[in-house]
Structures are given as C-alpha cells and as structure tokens.
Amino acid sequence: MINLTDSAVNAVKSAISSSTQPASGLRIMVEAGGCNGFKYRMGLAEEPKPDDKVIECGGLKVFVDSKSHEHLVGTTIDFAMALESPGFTFHNPNAASSCSCGKSFS
C-alpha cells in the first residue's frame, strides 16, 4: 500500500485542477538512476495503463506500474513547503539508503 498525506493529496488535486491537459490521477514510478541507484518519478496521468495498480488515497487515484509497486509498498509521500527544498518527499521503508535530496534510493 502507498500512502499520501493530506498535504500531498491536496497538492496533487490542485495540480490536476489547474492542468491544461486532461488528468484523472497521479502516476508514480521508480526508475534506474539518481545518486543511489533508483529515482522516483511522478506526473499527472489521464488514465491507468493496462498493467497499473490503481490505489485510492483521499479521493485521489494513484497509478503505479507493477515493477515500481514492489519498490514502493509501504511508502508514504508527503508535500511540504520548506525553504530549503519545497515539494514532495518519500518515506520508503524498502530503501536501504537514500541520498540527501531524498529523490533517489537503493
């Protein structure tokens, strides 16, 4: 299960409502790369792909492909307006380590 805090849900809903492209949810992916081997990718999506798992969080649809899902089980995503690094943060219990920016892990 992937969890989004209320702050993250509100940030995504705001992005969807102001998007010029049709979007019904948030796509979250894990890709090879970043400082520690894997990096998180997020973006608005119009609809799920055939192999996506669809997760409901606070009335928001989250689309996760099957490869990424195994890396994200138990992850909590938050959104904060911090001076140093505003944006989304990932608290992933599956990560053995992560870089200081919090955007990549191993």
Query raised in the report: Would a distance-only check, ignoring hydrogens and angles, find a side-chain to backbone donor-acceptor pair under 3.5 Å from Asn94 to Gly74?
Result: no

Query raised in the report: After noting the C-alpha distance and the side-chain angles of Val30 and Lys67, does the key distance pass the side chain to side chain contact (heavy atoms under 4.5 Å, CB included) rule?
Result: CA-CA 8 Å; Val30 171; Lys67 285 184 186 178; over 6 Å; no

Query raised in the report: Applying the 4.5 Å side-chain criterion to the ILVMFWY set and letting contacts propagate, would Val64 and Leu60 be lumped into a single cluster?
Result: yes

Requested in this report: Count the heavy atoms belonging to other residues, nucleotides or ligands that lie under 6.0 Å from CG of Asn10, then report whether that count exceeds 12.
Outcome: yes

Query - Exercise: identify the closest heavy-atom pair between Phe79 and Ala8 - result: CB-CA, 3.7 Å

Query raised in the report: Closest heavy-atom contact between Ile2 and Cys57?
Result: O-SG, 3.4 Å

Requested in this report: Write out all pairs satisfying side chain to side chain donor-acceptor pair (under 3.5 Å) with one or both partners inside residues 12-23, taking only residues at least two apart or from two chains.
Outcome: none

Requested in this report: Any chance you could measure Arg41, atom CZ, to Glu31, atom CD, to the nearest 0.5 Å?
Outcome: 4.5 Å

Requested in this report: Please report the shortest heavy-atom distance between Phe63 and Ala45, naming the atom on each side.
Outcome: CD1-CB, 3.7 Å

Query raised in the report: Which pair of non-hydrogen atoms, one from Ser68 and one from Ile28, has the smallest distance, and what is that distance?
Result: CB-O, 4.3 Å

Report summary line: In Ile77, Thr76, Asp78, the residue satisfying side-chain contact (heavy atoms from CB on, under 4.5 Å) with Phe90 is Ile77

Query raised in the report: Is Asp51 reaching over with its side chain to a backbone N or O of Asp65, donor-acceptor style, under 3.5 angstrom?
Result: no

Query raised in the report: Please walk me through it: do Leu44 and Val12 pass side chain to side chain contact (heavy atoms under 4.5 Å, CB included)?
Result: CA-CA 8 Å; Leu44 300 180; Val12 174; 4.2 Å; yes

**Report entry** Worked check of side chain to side chain contact (heavy atoms under 4.5 Å, CB included) between Lys61 and Glu56
**Finding:** CA-CA 5 Å; Lys61 291 180 184 174; Glu56 286 273 336; 3.3 Å; yes

Query - Main-chain N/O of Glu46 paired to Arg27 side chain as donor or acceptor, under 3.5 Å - result: no

Requested in this report: Walk me through it: do His91 and Asn3 pass the test side chain to side chain contact (heavy atoms under 4.5 Å, CB included)?
Outcome: CA-CA 10 Å; His91 304 282; Asn3 300 301; over 6 Å; no

Requested in this report: Kindly work out whether a path of hydrophobic side-chain contacts (I/L/V/M/F/W/Y, heavy atoms less than 4.5 Å apart) joins Met42 to Val62.
Outcome: yes

Query raised in the report: Shortest non-hydrogen contact from Asn92 to His71?
Result: ND2-O, 2.9 Å

